Number of protein chains: 2
Amino acid sequence: MPEGTGVRRAQAQRTRNGVLAAASAAFVDQGVQAPIRDIAERAGVGVGTIYRHFPTRADLVTAVYRHQIDTCAALAPRLLEESASPFSALSQWSNAFVDFLVTKHGLGAALGSGDPGLENLHALMLDTLVPACATLLDACVAADEVDPEITAYTLMRAIGNLCITGPDYDRVDAGRMVAVLLAGCRR
Amino acid sequence: MPEGTGVRRAQAQRTRNGVLAAASAAFVDQGVQAPIRDIAERAGVGVGTIYRHFPTRADLVTAVYRHQIDTCAALAPRLLEESASPFSALSQWSNAFVDFLVTKHGLGAALGSGDPGLENLHALMLDTLVPACATLLDACVAADEVDPEITAYTLMRAIGNLCITGPDYDRVDAGRMVAVLLAGCRR
DNA sequence: AAAATAGCGGAACATTGTTCCGCAAGCAAA
DNA sequence: TTTGCTTGCGGAACAATGTTCCGCTATTTT
């Protein structure tokens, strides 16, 4: 991490960014399961180079989406402050989360699959999103708006699963079902 | 299908059953993604033999679970008759479906993944389970117990997704979330 | 200038779904 | 019965994909 100065380091950084850009584009076109080789070709590098920067496939996916995940998490406190009720904030935040998941082809499925190679991604989502969700949920419970049985992790996971879309179950359906789920949480 | 008489045919049938048994056992141990080679070894046959009987992986999975799926579908009309209210029937039927999914490691994820190789399985579940669910749902709508916006397919799919379990989200959580979802459907 | 090393490209390896081919044995025709 | 066809089978072979490994180049260090 201590970015040693020098031409080489700078070049490496450029390569890394190129890989991230290529991966991002590939994920849009082919979903998160885009083959590493395709990404390497897009980026004009060898596969070894990708693995040098990102030890595993999940690390690459993680790096590509980290910013968006952080943004989503940061949204929670703001919504809580601005919304009429804690439940309304939770509802709006869920919508943001759904929008994030649903625009990333296969991300939901990848998360749900339990693929051991995606542990990192899973961990990241959990570490940053669960606390954010917990904040909202706690506020809802405090206001007696939702069943205290429901945990942030379980809710996040359920929402994530509901966002696994396909040809006959698209983002609209996912959004609707998440809304139904939240309605069911309500006191 | 016209079971030609003869020693060969009988042997083939025996082989087929052996494969089904081996697959069933392998699915319990390793989940539905158990490699074909493992199943072949368990059954004491070559991989070619498996493909002779089941053109694709999904056909094998389908064959293994077909009976249980049919049983589940057949449960719907009976519950509708015996239950106090249509919604209660729907609720009980959902529990049965959840139990089915949740005991098959990875089945939910496989269904959700959109893996093109599993089209057959997907189609089977849809063809037999969706009509069963629709019966219940229609009764609920007629009794004004659930929102008519909800379609059988969407509900099935949502329940299926909620049943994608993992280390930190198990069958208990899945059952709870499905109950919450149904509560949200209620009028 | 020589030696060490970071960064890179791509061949090579492992796993898995699927196809293909040759073989053994039952079955039918001669 | 003998001969040739067909069924069913086993496993090698192929393709796709994640991942590791090795040798090369050019920068950095001594």
Side-chain angles (χ1 to χ4, degrees), chain A residues 1-20 22-23 26-27 30-63 106 109-110 113-121, chain B residues 1-20 22-23 26-27 30-63 106 109-110 113-121:
Chain A
M1 273 72 276
E3 60 298 345
T5 174
V7 176
R8 264 189 323 188
R9 195 70 180 187
Q11 174 54 37
Q13 194 51 251
R14 229 169 301 138
T15 301
R16 193 190 139 98
N17 290 336
V19 170
L20 279 176
F27 291 166
Q30 320 181 236
V32 274
Q33 351 78 47
I36 295 285
R37 283 170 180 75
D38 286 6
I39 298 172
E41 192 176 2
R42 274 184 196 247
V45 304
V47 290
T49 302
I50 293 189
Y51 278 94
R52 160 162 294 272
H53 290 282
F54 308 97
T56 176
R57 220 178 161 294
D59 292 312
L60 177 56
V61 179
T62 300
S113 73
D115 184 332
L118 275 65
E119 268 329 302
N120 292 334
L121 214 198
Chain B
M1 4 310 350
E3 62 297 347
T5 174
V7 177
R8 266 186 320 184
R9 196 70 177 186
Q11 175 55 38
Q13 193 52 249
R14 228 167 303 139
T15 301
R16 192 191 140 99
N17 289 337
V19 169
L20 279 176
F27 291 166
Q30 321 181 235
V32 274
Q33 351 76 39
I36 295 285
R37 282 169 182 74
D38 286 7
I39 298 172
E41 194 177 1
R42 273 183 196 249
V45 304
V47 291
T49 302
I50 294 190
Y51 278 93
R52 161 160 292 272
H53 289 282
F54 307 96
T56 177
R57 219 178 163 294
D59 292 313
L60 177 56
V61 179
T62 299
S113 75
D115 184 332
L118 275 65
E119 269 330 302
N120 293 336
L121 216 197

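Computed from a prediction, not measured in an experiment: that's the story for all the values here. Per chain, numbering begins at 1; letters A, B, ... match sequence-line order.
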## Note on the structure
Separation of C:dT18 atom C1' from B:D59 atom CG, nearest Å, is 13 Å
### Query
Tell me: CZ of A:R37 to C1' of C:dC13, nearest whole Å?
11 Å
Out of curiosity, [X] [atom1] to [Y] [atom2], how far, rounded to the nearest 0.5 Å?
| X | Y | atom1 | atom2 | answer |
| --- | --- | --- | --- | --- |
| B:Q33 | B:D38 | CD | CG | 11.0 Å |
| A:I50 | A:R16 | CD1 | CZ | 12.0 Å |
| A:D59 | A:L118 | CG | CG | 9.5 Å |

### Task
Given side-chain contact (heavy atoms from CB on, under 4.5 Å), test B:I39 with B:F27 step by step and report yes or no.
CA-CA 9 Å; B:I39 298 172; B:F27 291 166; 3.9 Å; yes
### Message
Assess, by modelled atom type and distance only, whether the side chains of A:R14 and A:Q11 contain a donor and an acceptor separated by less than 3.5 Å.
### Response
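Yes, side-chain donor-acceptor contact under 3.5 Å.
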#### Entry: Test item: B:T62 and B:F54 side chains (from C-beta on) under 4.5 Å apart, heavy atoms
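Counting from C-beta outward, B:T62 and B:F54 never come under 4.5 Å.
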#### Entry: Flag side-chain contact, heavy atom, 4.5 Å: B:V32 against B:L121
no
## Note on the structure
With B for base contact, S for sugar-phosphate-only contact and - for none (protein heavy atoms under 4.0 Å), nucleotides 23-28 of chain C reads ---SS-
### Message
If you compare all heavy atoms of A:Y51 against all heavy atoms of A:T56, which two are closest, and at what distance to 0.1 Å?
### Response
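Heavy atoms only, the tightest pair is CE2-CA, 4.3 Å.
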#### Entry: Taking every non-hydrogen atom, the tightest pair across B:G18 and B:A43
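Where B:G18 meets B:A43 most closely, the heavy atoms are O-CB, 4.1 Å.
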### Message
Taking any atom closer than 4.0 angstrom to a non-hydrogen atom of chain A, what span of DNA chain D does the protein reach, first nucleotide to last?
### Response
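Counting from the 5' end, contacts occupy D:dT17 to D:dT28.
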#### Entry: Residue-level proximity of residues 42-56 of chain A to DNA chain D when a heavy atom falls under 4.0 Å
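Heavy-atom contacts with DNA chain D come from A:V47, A:Y51, A:T56.
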### Message
Can you confirm whether A:E41 is buried at CD, in the sense that more than 12 heavy atoms of other residues, nucleotides or ligands lie under 6.0 Å from that atom?
### Response
no
### Query
Does A:T15 put a side-chain nitrogen or oxygen below 4.0 Å from OP1 or OP2 of C:dC8?
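Yes, such a contact exists.
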